[in-house]
Amino acid sequence: MKNSLNNHIKTSYRTLPGMITNILREAILSGELGGGVQLKQEELATKFSVSMSVLREALKSLEAEGLVSFYPNRGAVVSQLSAKEAQEIFDIRLFLELGALELAVPNLAEADLAAAGKILKQADEEGHSGRWGELNWQFHETLYQPANRPKLLTLIHNMNNNVERYMRLYLSTMNYQMKSQEEHHALLDACSQKDIMGAKQILRKHMADASANLIEYLS
């Protein structure tokens, strides 16, 4: 963890709290900082060469996203996700994403569909499992952007971040990526045809399958 984190610091030296948030978020999502790990604030402030107040601001942002929790006598700790919590997050995501998709499909332009297709092609060719989660989010984000509901998209992104670190591990160890990509291609086809009901049906199954498999993995 130290070498990777130090490399990030070298390329992002003396940045705003938002940049520290991004670096720590990626370390959590990648599994570099695992659930239950205590984030020693003085040590991190020294690594980032920032004040404690700047670091705490970054950690508070991660707390709002559900990635960090604060405990008496322990301070900031990377959140751990139970199977029950994963189920609830997927239930929330399903409501939010079905709504976003319904609003977005009528507004999807050829450029949006082409961009989503390009991301799928990247994912098909990507051999590094660490990037699958990132590309997965980019694909869904591209389809939801035309809904023109930025607050809704932010909520979906935060929910996605809460399970992404586990999905990354799951995709890489349980051979789920191929099935996920097949469903993504089917979803893009339905969106291309402006088939709202068909697209929602595919998305519902896609998320239900991912939820069931991840919960089984966490149990």
For residues Phe139 and Leu187, determine if any side-chain heavy atom of one lies less than 4.5 Å from a side-chain heavy atom of the other.
yes

Would you say Leu39 and Phe70 make side-chain contact, with heavy atoms under 4.5 Å?
no

Compute whether any side-chain donor of one residue and acceptor of the other, for His184 and Asn136, lie under 3.5 angstrom apart.
yes

Identify whether the distance between the nearest side-chain nitrogen and carboxylate oxygen of Glu63 and Lys60 falls below 4.0 Å.
yes

If hydrophobic clusters are built by linking Ile, Leu, Val, Met, Phe, Trp and Tyr wherever their side-chain heavy atoms come under 4.5 Å apart, do Ile215 and Val163 end up in the same one?
no

Here the gap from Ile196 atom CD1 to Leu108 atom CG, rounded to the nearest 0.5 Å, amounts to 9.5 Å

Are Glu183 and Lys179 close enough for a salt bridge, meaning some N to O gap below 4.0 Å?
yes

In terms of side-chain heavy atoms, does Ser82 have a donor or acceptor partner in Glu85 at a distance below 3.5 Å?
yes

Side chains of Gln87 and Asp91 only: does a donor on one sit below 3.5 Å from an acceptor on the other?
yes

For the residue pair Val37 and Val77, establish whether any side-chain heavy-atom pair is separated by less than 4.5 Å.
no

Kindly indicate whether the side chain of Leu155, heavy atoms from C-beta on, has any atom under 4.5 Å from the side chain of Met159.
no

Could you tell me whether His140 and His206 have their ring centroids closer than 6.0 angstrom?
yes

Only counting residues at least two apart or in another chain, list the ones meeting side chain to side chain donor-acceptor pair (under 3.5 Å) with Glu102.
Lys200

Donor-acceptor contact present, side-chain Ser61 to main-chain Thr21, <3.5 Å
no

Taking the side chain as every heavy atom from C-beta outward, state whether Asp112 and Leu143 have any pair of such atoms under 4.5 Å apart.
no

Any donor-acceptor N or O pair under 3.5 Å, side chains Asn162, Glu65
no

